[in-house]
Amino acid sequence: MAQKPSIPKGMRDFSPEEMAKRNYIFNTIREVYALYGFSQIETPAMETLQTLMGKYGEEGDKLLFKVLNSGDYLSGISDEELCQRNTPRLAARLCEKGMRYDLTVPFARYVVMHRNELTFPFKRYQIQPVWRADRPQKGRYREFYQCDGDIIGSDSLLNEVELLHIIDDVFTRLNIRVAIKLNNRKILSGIAEIIGAPEKIIDITVAIDKLDKIGLDKVNEELREKGLNEDAIARLQPIILLDGTNESKLNTLRNVLAESETGIKGIEELEFILHKLSCQPLKAQLDIDLTLARGLNYYTGAILEVKALDVQIGSITGGGRYDNLTGVFGMPNVSGVGMSFGADRIYDVLSQLDLFPSDSLQATQLMFVNFGDKEADVCMQHATYFRAQGIRTEVYPEAAKMKKQMGYADTHHIPFVALVGESEIEAGKIALKNMTSGEQQLLTPEEAIKLIAQ
RNA sequence: GUGGAUGUAGCUCAGUGGUUAGAGCACCGGAUUGUGGUUCCGGGUGUCGUGGGUUCGACUCCCAUCUUCCACCCCA
């Protein structure tokens with residue numbers, strides 16, 4: 001007897017109901033992207049390791065799923081090499097492909113390869129799974145979907161504004177209340193500059209990012225450990241604890257960063273975005289948040305992150321401006337701004353708040369009960385007609401007991417059941433039962449369609 | 001990758017070093033051959049995650065391994 005089957009760690013099956021809910025999310029995001037003039041692309045599940053390696057830092061390289069070469073993958077490898085057991089080097093010899101880790105790097109590769117076909121600015125969205133050999137936890141999987149949208153080949157800050165509107169539209173449609181956190185990498189750089197530790201920018205942002213989690217004392221402690229002197233830490237305090245309206249935050253920053261050209265530039269960028277948004281306000285609340293650093297260090301300008309207000313969960317969307325997306329692939333000076341919706345976390349939010357609209361879950365609208373061969377023939381013809389009219393229709397395939405057939409309709413949440421037996425056939429009508437109210441009436445097919453369609 | 005928990009029926013979980021492993025819900029059959037979601041009757045559907053070990057005897061104790069979960073790391 002075969003063992004119980006299983007699936008790899010951190011990967012999931014999706015039931016019909018889960019798929020319906022997931023598609024509701026994907027469709028919403030797709031529609032909004034399309035409304036803003038984005039076009040969809042897809043890239044392969046695997047990329048060459050040459051494309052993937054070294055793009056996500058040391059940590060990222062470890063988390064890449066590598067794919068063993070096909071065929072005689074040991075040919076050309078000596079026993080000596082095998083015995084050395086140098087895992088990274090051996091992996092490089094045995095694997096030349098890897099599973100995509102995110103959608104941004106494959107997109108950069110895509111842009112470089114297709115640069116002659118593209119007209120810039122290029123606005124693309126991409127909804128595909130990515131794979132990471134991370135240790136799974138709740139809400140963290142080894143296979144999950146990202147829904148990326150990027151605008152590349154344009155330095156205009158209007159793109160940032162547009163992304164914020166897209167985010168606002170998506171979450172408005174999904175009925176999720178969110179707060180959008182906004183920051184600018186240039187401001188963070190300016191801060192590092194002012195306190196005289198520009199090379200510590202990563203350490204500082206990582207430490208500041210933990211404020212919510214570990215508190216001010218621990219953050220300062222960590223800064224100390226990272227080699228910042230007391231004077232620098234002291235100068236950081238007002239920045240770490242910055243509070244008030246977005247406007248007052250920017251004013252405070254303007255004073256603190258007066259001597260940093262970069263910092264002032266960052267402030268001006270944020271001011272521009274806020275000004276544009278004041279003409280066309282968002283429904284979501286928007287906060288300037290300096291603790292927002294984002295792990296990835298390729299961002300160079302605006303950084304954004306979205307949190308759900310009514311559910312305790314990590315960020316459900318993130319993004320920002322990067323100046324040199326394609327540089328590593330030999331195509332310099334392509335600037336872009338992009339973001340990624342975290343579909344799996346959005347799913348969790350909608351589930352917890354019970355916000356999936358019921359019509360997004362409904363599949364079949366009408367089921368014909370099967371009374372036997374002769375009746376079924378008539379039902380099949382009716383079904384063809386109903387389908388042609390756009391009604392999602394099925395005919396129960398067996399002349400099972402009425403109880404079983406009704407039970408089937410019930411568990412599948414089919415709102416209408418049609419009963420067509422001898423007497424109905426004779427009258428040329430169908431008995432249409434509303435499964436919610438229990439009411440039943442004798443109707444012509446046309447009348448039935450009208451009733452079901454409303 | 002580091003540290004710590006967890007795994008018994010489809011689901012949520014009881015259970016004891018000793019016969020044949022239980023409950024609720026779900027599910028299946030019947031009451032009911034043209035009417036579901038209510039009711040009544042009947043049914044346990046399981047290699048107790050997997051593989052070893054200790055023992056007269058292991059679901060229970062030990063080891064390994066896998067899964068899921070928690071914290072760190074990192075992140076969506």
Side-chain angles (χ1 to χ4, degrees), chain A residues 1-12 15 25 29 56-64 87 100-104 127-148 202 206 209-210 213-214 218 222 292-297 304-308 313-319 338-349 367-372 375 379 396 398-425 430-442:
Chain A
M1 185 57 191
Q3 295 171 13
K4 275 182 189 170
S6 62
I7 51 175
K9 183 203 295 229
M11 304 199 171
R12 300 162 290 165
S15 66
I25 296 170
I29 293 171
Y56 309 103
E58 216 175 297
E59 199 66 33
D61 282 355
K62 279 190 220 157
L63 297 181
L64 278 174
T87 310
R100 83 165 93 74
Y101 181 87
D102 71 358
L103 300 180
T104 306
I127 300 176
Q128 289 189 273
V130 302
W131 294 270
R132 297 182 187 179
D134 208 351
R135 181 171 289 204
Q137 276 181 30
K138 199 191 192 83
R140 288 180 76 165
Y141 308 98
R142 289 187 152 189
E143 178 184 52
F144 61 94
Y145 273 74
Q146 291 191 331
C147 310
D148 277 28
I202 304 281
V206 167
D209 197 22
K210 292 180 185 167
K213 236 178 193 172
I214 62 178
K218 289 255 172 97
E222 184 159 333
L292 167 61
R294 301 236 82 213
L296 295 171
N297 37 36
L304 63 91
E305 202 167 278
V306 179
K307 296 213 162 192
I313 197 166
S315 88
I316 52 179
T317 291
M339 65 175 161
S340 182
F341 290 95
D344 294 277
R345 285 189 178 168
I346 292 172
Y347 182 98
D348 288 343
V349 171
M367 186 196 88
F368 280 89
V369 168
N370 188 325
F371 288 115
E375 292 88 344
C379 289
Y396 198 86
E398 291 170 47
K401 283 178 184 160
M402 179 74 25
K403 178 178 171 117
K404 183 157 172 100
Q405 299 196 40
M406 296 301 279
Y408 176 89
D410 204 37
T411 55
H412 287 81
H413 304 114
I414 299 173
F416 291 97
V417 166
L419 300 107
V420 181
E422 257 178 68
S423 59
E424 286 87 359
I425 292 174
I430 64 179
L432 189 72
K433 181 180 170 91
N434 180 325
M435 290 296 277
T436 315
S437 65
E439 283 170 33
Q440 186 171 319
Q441 39 190 325
L442 200 60

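We name chains A, B, ... by the order of the sequence lines, and we start the count at 1 in each one.
- One finds the CD atom of A:Gln146 at 10.5 Å from the CD atom of A:Gln128 (value rounded to the nearest 0.5 Å).
- In this structure, A:Tyr141 reaches the bases: a heavy-atom distance under 4.0 Å links it to at least one base atom across the strands shown.
- With sequence neighbours left out, A:Glu143 forms a side-chain contact (heavy atoms from CB on, under 4.5 Å) with A:Met11, A:Pro129, A:Trp131.
- One interatomic measurement links the two molecules: NE2 of A:His412 to P of B:G37, which rounds to 16 Å at whole-angstrom precision.
- The distance between atom OH of A:Tyr56 and atom P of B:A76, rounded to the nearest whole Å, is 11 Å.
- A:Phe144 contributes atom CZ, which lies 9.5 Å from atom CZ of A:Arg12 (distance to the nearest 0.5 angstrom).
- Computed from coordinates, the A:Arg142 CZ to B:C74 P distance equals 18 Å when rounded to whole Å.
- With rounding to whole Å, A:Met402 atom CE is found 7 Å from B:U35 atom P.
- Once rounded to the nearest 0.5 Å, the distance linking OG1 of A:Thr317 with CD1 of A:Ile346 reads 4.5 Å.
- Side-chain contact between A:Phe341 and A:Ile316 is absent, with no heavy atoms from C-beta onward closer than 4.5 Å.
- Remark: the separation of the P atoms in B:G18 and B:G29 is 39 Å, to the nearest Å.
- With a 3.5 Å limit on both pairing distances and Watson-Crick or G-U wobble geometry required, the stems of 3 or more pairs in RNA chain B span B:1-5 with B:68-72, B:10-13 with B:22-25, B:27-31 with B:39-43, B:49-53 with B:61-65.
- Every residue two or more places apart in sequence or in another chain that forms a ring pair (Phe, Tyr, Trp, His ring centres under 6.0 Å) with A:Tyr101 is listed here: A:Tyr56.
- Separation of the C1' atoms belonging to B:U2 and B:C73 is 9 Å when rounded to the nearest angstrom.
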Which pairs would a plain distance check flag for residues 410-422 of chain A, meaning a side-chain donor or acceptor within less than 3.5 Å of a matching protein atom at least two apart in sequence or in another chain?
{"from": "A:Thr411", "atom 1": "OG1", "to": "A:Gly407", "atom 2": "O", "distance (Å)": "3.2"}
{"from": "A:Thr411", "atom 1": "OG1", "to": "A:Tyr408", "atom 2": "O", "distance (Å)": "3.2"}
{"from": "A:His412", "atom 1": "ND1", "to": "A:Tyr408", "atom 2": "O", "distance (Å)": "2.9"}

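- Side-chain N or O atoms of A:Arg345 include one that pairs as donor or acceptor with a backbone N or O of A:Ser315 at under 3.5 Å.
- The side chain to side chain donor-acceptor pair (under 3.5 Å) search around A:Arg140 returns A:Asp134, not counting sequence neighbours.
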Exercise. What string of B, S and - do you get for nucleotides 24-33 of chain B, 5' to 3', if B is base contact, S is sugar-phosphate-only contact and - is no contact with any protein heavy atom under 4.0 Å?
Worked result: ------SB--

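- Looking at heavy-atom distances under 4.0 Å, A:Glu424 makes contact with a base.
- Under the side-chain contact (heavy atoms from CB on, under 4.5 Å) criterion, A:Ser15 pairs with A:Glu17, A:Glu18, sequence neighbours left out.
- Atom C1' of nucleotide B:G34 and atom CD of A:Glu398 are separated by 18 Å, given to the nearest angstrom.
- As judged by a 4.0 angstrom heavy-atom cut-off over every strand, A:Gly10 is placed among residues touching the sugar-phosphate backbone only.
- Closest to the A:Arg132 side chain, of the nucleotides B:C75, B:U35, B:G36, is B:C75.
- For A:Tyr145, the ring pair (Phe, Tyr, Trp, His ring centres under 6.0 Å) partners at least two apart in sequence or on another chain are A:Phe26.
- Two residues, A:Gly342 and A:Thr436, neighbour RNA chain B, and the one matched to the more 5' nucleotide by heavy-atom proximity is A:Thr436.
- Here, B:G10 and B:U50 have their P atoms 13 Å apart, quoted to the whole Å.
- Across the protein-nucleic acid pair, A:Trp131 atom CH2 and B:C74 atom C1' stand 20 Å apart, rounded to whole Å.
- Heavy atoms of A:Glu143 sit nowhere under 4.0 angstrom from any nucleic acid atom.
- Taking atom P on both nucleotides, B:G22 is separated from B:U6 by 25 Å, rounded to a whole Å.
- Rounded to whole Å, the distance from CD on A:Gln440 to P on B:U35 is 10 Å.
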Could you go over nucleotides 1-5 of chain B and give all protein N or O partners under 3.5 Å, atom names and distances?
{"from": "B:U2", "atom 1": "O4", "to": "A:Arg135", "atom 2": "NE", "distance (Å)": "3.4"}
{"from": "B:U2", "atom 1": "O4", "to": "A:Arg135", "atom 2": "NH1", "distance (Å)": "2.9"}
{"from": "B:G3", "atom 1": "O6", "to": "A:Arg135", "atom 2": "NH1", "distance (Å)": "3.1"}

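- Taking the side chain to side chain donor-acceptor pair (under 3.5 Å) definition, one finds that A:Arg135 meets it with nothing, sequence neighbours left out.
- Checked against side-chain contact (heavy atoms from CB on, under 4.5 Å), A:Gln405 has the following partners two or more places apart in sequence or in another chain: A:Met367, A:Val369, A:Asn370, A:Tyr396, A:Ala400.
- Of the candidate nucleotides B:C75, B:U67, B:G37, B:U67 has the atom lying nearest to any side-chain atom of A:Lys9.
- Taking atom C1' on both B:C11 and B:C74, the two are 33 Å apart, rounded to the nearest angstrom.
- Taking only side-chain atoms of A:Gln146, from C-beta outward, the nucleotide of B:C74, B:G34, B:A76 with the closest atom is B:A76.
- Distance CD1 (A:Ile7) to C1' (B:U67): 10 Å, rounded to an integer number of Å.
- A gap of 12 Å separates the C1' atoms of B:A9 and B:C25, to the nearest Å.
- When heavy atoms are screened at a 4.0 angstrom cut-off, A:Gly139 is found touching base atoms of the nucleic acid.
- For A:Glu424, the side chain to side chain donor-acceptor pair (under 3.5 Å) criterion is met by no residue, not counting sequence neighbours.
- Contact annotation: A:Gln137 reaches the phosphate of B:A71 (side-chain N/O to OP1 or OP2, under 4.0 Å).
- Spacing between B:G30 and B:C69 at atom P, rounded to whole Å, works out to 40 Å.
- Looking at heavy-atom distances under 4.0 Å, A:Lys433 makes contact with a base.
- When the C1' atom is compared between B:U60 and B:G53, the two are found 15 Å apart, to the nearest whole Å.
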